[in-house]
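In what follows, a structure is listed as structure tokens, so that the remarks can point back to it.
Throughout, a chain's letter reflects where its sequence line sits, starting with A, and its residues are numbered from 1.
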Amino acid sequence: MTKVDIAVVDYGMGNLRSVSKAIEHVAPNKTVVVTSNPEVIQQAERVVFPGQGAMPECMQELDARGLRDAVIDAAKTKPFLGICIGLQMLFERSEEGHVNGLGLFQGGVKKFNLDGARDELGEKLKVPHMGWNEVYQPKAGHAMWQDIPDGTRFYFVHSYYVQPDDAGCAVGYGQYPDQFTCAVTQDNIFAVQFHPEKSAHAGLQLLRNFVNWKP
Amino acid sequence: MLAKRIIPCLDVTGGRVVKGVNFVELRDAGDPVEIAKRYDDQGADELTFLDITATSDERDLILHIIEDVASQVFIPLTVGGGVREVEDVRRLLNAGADKVSINTTAVFNPQMVADATARFGSQCIVVAIDAKKVDDKPYKWEVFTHGGRKPTGLDAVEWAKKMVGLGAGELLVTSMDRDGTKIGFNNPLNRAISDAVEVPLIASGGVGNLQHLVDGIKDGGADAVLAASIFHYGEYTVKQAKEYMQQHQIEVRL
């Protein structure tokens with residue numbers, strides 16, 4: 001088997017082409033594969049765990065392809081980037097379909113309850129939270145935020161957000177209208193709610209940082 | 001906080017971008033990939049491609065266009081036009097689309113909207129509504145299909161609510177009275193729909209100057225504004241539009 005630098009986990013949900021194309025764009029010399037083969041994931045140097053759609057279906061499809069163990073193993077052993085539902089699935093449980101996640105982070109996934117909240121123009125806030133929002137970094141910083149200024153806008157599209165039990169794992173916050181966690185880290189895991197592969201220059205910089213990350 | 005979005009729209013046929021007036025009189029506006037890259041450079045928040053191809057022979061061209069654009073432009077891409085089955089949605093997503101817009105099929109087979117959202121998630125299903133004013137007192141708008149040629153008898157506001165109920169994650173509302181006229185969005189129409197639903201609304205049809213974009217958000221309650229000709233023919237850049245919106249207290253990504 002040829003050496004795989006970056007494996008993008010494919011469990012049949014969503015647009016993975018954009019993720020792999022964006023990584024290829026920032027790392028033209030790396031081998032990037034979109035795969036549902038647990039062996040390829042095991043042998044890859046780095047793993048990207050994307051996700052789109054609903055978390056119950058994502059968990060179901062992950063298990064249907066026998067990928068759970070390979071994903072958990074990768075998350076514990078090598079640079080690992082979760083994106084969107086790929087962030088949410090790392091937690092213990094989700095309000096969406098009351099499904100259990102992989103439990104790598106303690107805490108749950110909650111639905112936005114905006115209850116008549118309005119923006120600065122007096123317009124009601126919509127769900128999904130869709131579009132470009134500012135991401136605030138905690139003071140300590142993180143190698144994955146290199147060359148990305150505090151408050152940079154990234155592209156979001158989601159109706160649920162993660163609520164870690166331990167706030168110490170949070171490395172990014174958004175506001176809609178209350179503060180919510182949009183990036184977490186733990187050892188070799190970095191996971192984000194927004195879509196770096198759709199966030200223009202800022203997103204490409206984050207992917208570049210991931211390709212170079214030495215946790 | 002969340003920025004309001006500017007979405008340049010590219011009408012595509014036969015592999016080229018074109019622009020019509022009131023859905024007819026098409027003029028060539030250029031190569032899709034080049035135009036997409038230019039808008040990305042200018043700071044466009046998303047791009048929408050509408051396949052207005054009349055024949056199925058040419059239909060597959062849009063897949064190649066999306067593949068080409070998606071490998072060079074890293075912002076969200078929405079594709080619409082001729083989407084009939086859940087399988088069409090899958091093919092477009094696999095080609096690199098992030099969202100798929102469903103229009104005529106939603107009217108004739110609403111279940112398809114429900115099936116597509118159940119399979120791929122609400123976040124990637126946009127329902128496009130082409131509406132025309134049928135009454136002034138009080139305002140009333142009717143949904144049209146087939147690129148604005150066929151009346152449906154459906155009330156646009158009620159229809160919007162039904163589509164969101166079936167799972168649509170966003171609405172793209174085009175005023176047929178305004179499309180290509182450059183006299184501004186139909187803000188009463190957009191306001192009526194935006195206030196009636198919980199999902200984001202993209203206003204479309206009628207932009208002639210930058211104040212129209214501001215009005216679309218402030219008066220029409222739109223979460224995003226879509227425009228074609230003011231950008232295609234170089235009257236304004238996306239960046240100029242965003243700076244103008246910011247001067248008018250609208251939050252944008254600059």
Side-chain angles (χ1 to χ4, degrees), chain A residues 12-26 34 51-55 57-58 84-85 96 112 114 116-117 119-134 152-160 174-177 195-204 207, chain B residues 1-5 7 40-41 43-46 66-67 69-77 90 92-100 117-124 126 164 167 169-171 191 194-195 197-202 217-218 220-224 248-254:
Chain A
M13 299 293 286
N15 167 10
L16 302 177
R17 185 187 164 83
S18 297
V19 177
S20 64
K21 287 288 162 198
I23 298 169
E24 283 166 16
H25 189 80
V26 298
V34 175
Q52 276 182 359
M55 183 158 149
E57 280 73 27
C58 287
C84 194
I85 307 286
E96 190 174 16
F112 280 115
L114 301 180
D119 67 13
E120 62 281 4
L121 296 175
E123 299 291 342
K124 72 177 172 192
L125 298 181
K126 307 284 185 73
V127 176
H129 170 233
M130 186 187 288
W132 298 77
N133 207 340
E134 289 153 322
T152 296
R153 289 185 189 274
F154 286 86
Y155 184 79
F156 288 84
V157 49
H158 62 127
S159 301
Y160 293 78
Q175 272 202 313
Y176 195 65
H195 289 270
E197 77 281 12
K198 287 290 160 183
S199 295
H201 299 294
L204 294 174
L207 293 174
Chain B
M1 274 290 283
L2 189 65
K4 301 296 180 188
R5 291 168 279 155
I7 309 176
D40 179 24
D41 289 343
D45 296 307
E46 294 183 30
I66 298 307
E67 281 175 12
V69 173
S71 58
Q72 297 182 58
V73 174
F74 301 99
I75 58 176
L77 308 176
R90 194 187 66 80
L92 287 166
L93 294 177
N94 283 350
D98 299 282
K99 305 186 237 182
V100 172
T117 55
R119 174 76 180 87
F120 305 108
S122 290
Q123 86 290 338
C124 68
V126 183
V164 172
E170 196 171 35
L171 299 173
R191 172 57 72 186
S194 184
D195 284 352
V197 300
E198 302 305 317
V199 304
L201 179 144
I202 306 168
I217 284 163
K218 290 193 170 177
D223 301 278
H248 290 77
Q249 288 73 50
I250 292 171
E251 194 152 345
V252 290
R253 175 180 71 110
L254 274 171

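Proximity to chain A is absent for every atom of A224(B), based on heavy atoms less than 4.5 angstrom apart. For I217(B), the parts lying near chain A are the backbone and the side chain together; criterion is any non-hydrogen pair under 4.5 Å. Using a 4.5 Å cut-off between heavy atoms, D98(B) touches chain A through backbone and side chain atoms alike. Contacts between K4(B) and chain A at a heavy-atom distance below 4.5 Å involve the side chain alone, from C-beta outward. Only the side chain of E123(A) comes within contact range of chain B, with at least one heavy atom under 4.5 Å from a heavy atom of that chain. Contact of Y176(A) with chain B is made through backbone and side chain together, with heavy-atom distances under 4.5 Å. Only the side chain of E120(A) comes within contact range of chain B, judged by heavy atoms closer than 4.5 Å. Of the two parts of D223(B), only the side chain, counted from C-beta on, holds a non-hydrogen atom closer than 4.5 Å to a non-hydrogen atom of chain A. With a threshold of 4.5 angstrom between heavy atoms, S122(B) does not approach chain A through any atom at all. Both the backbone and the side chain of R119(B) have a heavy atom closer than 4.5 Å to some heavy atom of chain A.
Of the residues considered (T117(B), V197(B), D40(B)), V197(B) shows the highest number of contacts with chain A, using heavy-atom pairs under 4.5 Å. Heavy-atom pairs under 4.5 Å with chain A were tallied for P200(B), S71(B), A97(B), A70(B); the largest tally goes to P200(B). Heavy-atom pairs under 4.5 Å with chain B peak, among H201(A), K21(A), M130(A), E197(A), at M130(A). The residue among A54(A), G122(A), P128(A) with the most heavy atom pairs within less than 4.5 Å of chain B is P128(A). When H129(A), E57(A), H158(A), H25(A) are compared by the number of non-hydrogen pairs under 4.5 Å with chain B, H25(A) comes out ahead. For the set V73(B), L201(B), D195(B), the entry with the most heavy-atom pairs within less than 4.5 Å of chain A is D195(B).
Side-chain atoms of R17(A) do not come within 3.5 Å of backbone N or O of G96(B) as any donor-acceptor pair. In this structure, the side chain of E198(B) does not engage the main chain of K126(A) through any donor-acceptor pair within 3.5 Å. Without hydrogens or angle criteria, R253(B) side chain to N133(A) main chain gives no donor-acceptor distance under 3.5 Å.
One finds the OG atom of S18(A) at 9.5 Å from the CG atom of L93(B) (value rounded to the nearest 0.5 Å). Atom-to-atom distance recorded for L121(A):CG and M1(B):CE is 10.0 Å, nearest 0.5 angstrom. Rounding to the nearest 0.5 Å places CG of L2(B) at 9.5 Å from CD of E134(A).
With salt bridges taken as basic N to acidic carboxylate O contacts below 4.0 Å, none links E46(B) and K198(A).
Residue F74(B) comes nearest to A22(A) through the heavy atom pair CE2-CA, 3.4 Å, listed as atom of the first residue, atom of the second, then distance.
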